[in-house]
Amino acid sequence: MAGHHAVLLYFVGNFFQSQLASKLCSVDATVEVSKRFPILAAGMKGLIMGMASRYFTGGRLKTRQVLSTMVPLAILAACAGVCPAQQTAVTLNIQLDKPVHAVSPTLYGLMTEEINYSYDGGLYAEMVRNRTFQDHGFGGVAHWNIEHMGNSIASMAIDRTEGPSVALQHSLAIEVKKADATNRAGVRNEGYWGMALRPNATYKGSLYAKADSADAGPLTADLINDNTGKSAATATTPGLSTEWKRYEFTLTTGKIETSAQNHLLLTVGHAGKVWIDLVSLFPPTYKNRENGNRPDLMEMMAAMHPKFLRLPGGNYLEGDQIDERFDWKNTIGPLVDRPTHRSPWNYQSSDGMGLLEFLEWSEDLKIDTVLAVYAGYSLKGDHINPGPALVPFLEDALDEIEFATGDASTKWGAVRAKLGHPTPFSVKYVEIGNEDWFDRSGSYEGRFAQFYKAIKAKYPQLQLIATAPLKRMKPDVLDDHYYKRADEFFADVKHYDTVDRNGPKIFVGEWATREGSPTTNMGAALGDAAWMTGMERNSDLIVMASYAPLFVNVNPGGMQWESDLIGYDALTNYGSPAYYAQVLFAKYLGTEVPASSANGDTDRFFYSVTRDAGKGAVYLKLVNASSVAQPVEIEMTGTSNVASAATLETLSGATLPETNTISSPTRIVPVQTTIKGAGTKFSHTIPPYSIQVLELQAK
Ligand code: AHR
């Protein structure tokens with residue numbers, strides 16, 4: 001409720017400057033008053049924004065106070081000089097009885113890969129960083145520290161001769177020279193920029209361990225608050241054995257304050273040598289999946305109304321080198337059998353987010369998987385020529401498709417069933433490689449053809465996506481990528497209007513306006529929204545589109561790629577303005593595009609009209625990327641009955657750089673209102689720097 005009021009207040013402060021102002025003030029009067037009373041104008045705005053921010057930060061304001069104080073103030077402010085000038089009106093003509101084409105029902109989806117600590121330190125809920133001791137730190141063991149309490153004496157080192165499995169052949173050896181029950185010794189893990197702990201929550205821990213003697217005693221696990229040194233929860237394993245064994249423990253917090261400033265401490269109260277590996281700690285996960293995902297980030301994605309998940313990358317699919325590709329067979333089964341691998345984004349991937357976890361992620365969001373298979377090209381230029389050398393990679397891809405889609409009577413479907421998922425997943429598209437236009441060897445034509453032929457022979461129902469234009473054959477779908485500035489998107493918004501409809505369908509598999517860091521700002525949201533109007537208008541051709549990158553851990557060192565959609569730390573998350581632009585566009589997708597035209601539009605005004613005939617709804621998306629208000633005269637033909645009341649959602653910024661951050665997560669969020677006076681012909685004004693969706697009821 002408080003959040004809701006805060007949004008309302010923010011809306012009042014910002015929105016009155018634009019839409020209301022444009023209605024209350026004539027342009028000349030506005031300019032005149034603002035010249036003469038600049039301090040009053042600024043003061044009024046400051047007051048409004050101050051009250052809004054007080055509300056954000058927990059100050060108490062009653063609704064009546066809000067209404068009786070804010071509204072007059074806002075009106076005053078609007079009339080006292082923050083009223084913008086406005087553009088000349090655009091006339092928008094919409095012919096509801098003339099559908100041009102259907103909207104692709106799968107238009108908006110998600111693209112993902114291990115970048116910016118998207119999984120490790122992000123979506124994948126594991127709290128222990130460098131759990132298998134394979135991250136390379138400078139001096140010492142990355143993210144682990146020795147802890148000798150009292151007068152205990154201990155040291156730690158990686159032991160490359162000891163490990164719990166073939167996949168994990170080294171471990172952390174802790175040599176305890178001196179320790180007892182009160183002078184304990186051990187190691188601590190700092191987590192991914194801390195460990196988020198909440199009150200009355202249960203954390204599931206596990207580790208592999210062995211000791212050099214049968215009387216080594218147990219290991220104690222504690223969750224310690226960095227600032228107080230107090231333990232929030234404690235658990236003890238049985239006495240360690242001299243063989244590698246897996247131990248599980250549960251840590252349950254009591255009445256603690258929620259914070260990310262905590263660490264995991266593992267100690268012994270006995271001299272001797274202890275080895276540990278695959279140390280893991282999970283909070284409650286989305287849908288309580290074992291080895292699962294952070295609920296908050298899953299909910300952020302669900303709110304985007306996605307229709308598919310493109311996985312597992314991106315460059316992450318390819319790896320820098322061939323042996324650093326996403327080798328899916330190394331990512332399934334028990335964690336102890338996953339060797340982990342280096343991602344091209346310069347850190348080790350735990351592969352806790354393996355192929356099955358990816359597929360379950362799609363399943364949990366009730367969406368399809370767009371499965372990208374490695375096709376013999378890696379980022380630094382190594383490639384496999386088409387022909388016999390490529391066959392093992394092709395077989396891996398066929399096995400992968402069978403793992404995802406085969407029933408339990410197939411070899412790889414049976415493996416999946418044995419891993420606990422007998423039901424096949426829904427995969428309609430398979431992408432062959434990633435960004436193969438980078439492959440200067442010219443081998444992609446041949447590699448694609450070899451994959452296409454073999455996959456189609458076994459799975460004729462699959463749509464196969466090429467990642468670079470082809471000369472010798474027509475793929476089902478072509479994946480186009482766009483990373484641009486807002487101005488470039490504005491200029492390119494008609495890109496697909498004239499593209500040949502007899503060519504392949506288009507998947508805009510990666511796109512983003514790259515302005516703002518770590519997450520994008522309002523200016524980028526406007527670039528994105530403009531681009532989305534173009535994609536919707538061409539959604540007979542564009543079957544799918546997915547923004548990239550989706551995630552960024554905003555802690556120092558967490559980002560490898562600027563301008564991302566959703567930011568987070570160990571505890572919390574936020575959506576960029578661009579995130580909310582996508583939420584709005586996907587929420588009001590519609591099923592068909594009616595004929596429409598705009599007269600008098602500027603190069604900062606963009607729109608898209610879709611209709612959901614079944615619901616009797618018309619969705620009018622309006623983008624004003626200008627610093628002044630944009631009036632629109634809307635005329636709808638082919639209907640005689642448009643309801644006067646319409647829902648309006650507005651995403652608006654005061655400036656282009658204005659943005660959301662981890663500490664100010666809701667500066668720019670959609671605000672829903674109802675307008676009156678809609679009809680077959682009506683006027684509407686779009687505030688400056690705004691994205692709006694009008695939901696009209698038309699029979
Ligand atoms: O989204 C970041 C990267 O951009 C992707 O990994 C790659 O496909 C593209 O070049």
Side-chain angles (χ1 to χ4, degrees), residues 108-118 122 300-301 304 310 313-316 343-346 379 434-435 437-438 467 479-496 506-535 542 544-568 573-586 603-604 606 623 625-626 651 653 655-662 665 667-668 689-691:
Y108 296 118
L110 305 167
M111 186 282 172
T112 170
E113 67 179 314
E114 183 61 280
I115 183 175
N116 300 327
Y117 293 86
S118 287
M300 285 295 276
M301 287 187 281
M304 292 173 72
R310 174 184 176 222
N315 295 157
Y316 184 60
S343 101
W345 299 103
N346 290 323
L379 204 52
N434 178 60
E435 294 191 338
W437 66 75
F438 280 116
T467 75
D479 181 358
D480 281 346
H481 293 178
Y482 300 91
Y483 291 107
K484 290 178 183 272
R485 294 285 176 154
D487 273 356
E488 293 175 294
F489 270 133
F490 297 155
D492 202 26
V493 96
K494 296 194 171 141
H495 185 99
Y496 287 105
I506 300 293
F507 172 30
V508 184
E510 293 179 30
W511 68 274
T513 307
R514 299 197 64 198
E515 293 183 23
S517 175
T519 49
T520 57
N521 57 26
M522 187 63 209
L526 290 162
D528 290 349
W531 179 246
M532 285 190 280
T533 64
M535 291 204 289
I542 302 173
M544 297 180 292
S546 43
Y547 185 100
L550 186 64
F551 287 136
V552 63
N553 189 313
V554 299
N555 280 294
M559 180 183 73
Q560 289 82 50
W561 180 282
E562 289 190 341
S563 310
D564 305 294
L565 200 65
I566 298 170
Y568 47 82
N573 73 71
Y574 70 98
S576 60
Y579 166 82
Y580 290 108
Q582 289 213 38
V583 167
L584 287 180
F585 271 66
D603 56 5
R604 291 286 176 279
F606 309 91
V623 182
S626 149
L651 186 72
T655 67
L656 297 174
E658 191 181 4
T659 197
N660 297 330
T661 62
I662 197 88
R667 286 184 68 86
I668 299 179
Y689 299 144
S690 295
I691 299 160

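Computed from a prediction, not measured in an experiment: that's the story for all the values here. What's counted below: heavy atoms across the whole structure, side chains too, no hydrogens, waters or symmetry copies.
The line from CD1 of I542 to OH of Y108 is 9.0 Å long, rounded to the nearest 0.5 Å. Within the model, atoms OG of S546 and CG of L110 stand 7.5 Å from one another, a figure rounded to the nearest 0.5 Å. Within the model, atoms CG of N573 and OG1 of T519 stand 11.0 Å from one another, a figure rounded to the nearest 0.5 Å. Considering CG of D564 and CG of N116, their distance stands at 4.5 Å, rounded to 0.5 Å. Interatomic distance, OG1 of T661 versus CG of N521, reported as 12.5 Å (0.5 Å rounding). A distance of 11.5 Å separates OH in Y316 from CD1 in I115, rounded to the nearest 0.5 Å.
With a 4.5 Å cut-off on side-chain heavy atoms, Y574 and M300 do not count as touching. For the pair S576 and L565, the minimum side-chain heavy-atom distance is below 4.5 Å.
Checking side-chain atoms of T520 against main-chain N and O of S563 turns up no donor-acceptor pair under 3.5 Å. E658 places no side-chain N or O within 3.5 Å of a backbone atom of I668 that could act as its donor or acceptor partner. In this structure, E562 contributes its side chain and P518 its backbone to no donor-acceptor pair below 3.5 Å. The main-chain N or O of A486 is found under 3.5 Å from a side-chain atom of E515 such that the two form a donor-acceptor pair. Judged by distance alone, with hydrogens and angles left aside, the side-chain atoms of N553 form no donor-acceptor pair with the main-chain N or O of Y117 at under 3.5 Å.
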- Query: What's the verdict on side-chain contact (heavy atoms from CB on, under 4.5 Å) for W345 and E113, showing C-alpha distance, side-chain angles and the deciding distance?
  - Reply: CA-CA 10 Å; W345 299 103; E113 67 179 314; 3.3 Å; yes
- Task: Carefully, step by step, assess N434 and E510 under the rule side-chain contact (heavy atoms from CB on, under 4.5 Å).
- Result: CA-CA 11 Å; N434 178 60; E510 293 179 30; 3.7 Å; yes
- Task: Using the side-chain contact (heavy atoms from CB on, under 4.5 Å) rule, take Y482 and E488 through it: C-alpha gap first, then chi angles, then the decisive distance, then the call.
- Result: CA-CA 10 Å; Y482 300 91; E488 293 175 294; over 6 Å; no
- Task: Decide yes or no on side-chain hydrogen bond (donor to acceptor under 3.5 Å, both in side chains) for Y496 and D480, but give the supporting numbers first.
- Result: CA-CA 11 Å; Y496 287 105; D480 281 346; 2.6 Å; yes
- Query: Should M304 and V583 be marked as a side-chain contact (heavy atoms from CB on, under 4.5 Å) after you check the CA-CA gap, both sets of side-chain angles, and the distance that decides it?
  - Reply: CA-CA 5 Å; M304 292 173 72; V583 167; 4.1 Å; yes
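Residues forming a ring pair (Phe, Tyr, Trp, His ring centres under 6.0 Å) with Y568 (at least two apart in sequence, or on another chain): F551. Considering only residues two or more places apart in sequence or on other chains, Y689 meets the ring pair (Phe, Tyr, Trp, His ring centres under 6.0 Å) condition with none of them.
Between F490 and F606, the ring-plane angle classifies as parallel under the 30° and 60° cut-offs.
The aromatic ring centroids of W511 and Y483 lie 6.0 Å or more from each other.
Heavy-atom minimum distance, F489 versus G527: CB-O, 3.8 Å. Across every non-hydrogen atom of A581 and I691, the tightest pair is CB-CD1, 4.0 Å. In terms of heavy atoms, T659 sits closest to R667 at O-CD, 3.1 Å. Nearest approach of D492 to W531, heavy atoms of both residues: O-CZ3, 3.4 Å. Nearest approach of R604 to D487, heavy atoms of both residues: NH2-OD1, 3.4 Å.
A salt bridge between D528 and K484 is absent, with no side-chain N of the basic residue lying under 4.0 Å from a carboxylate O of the acidic one.
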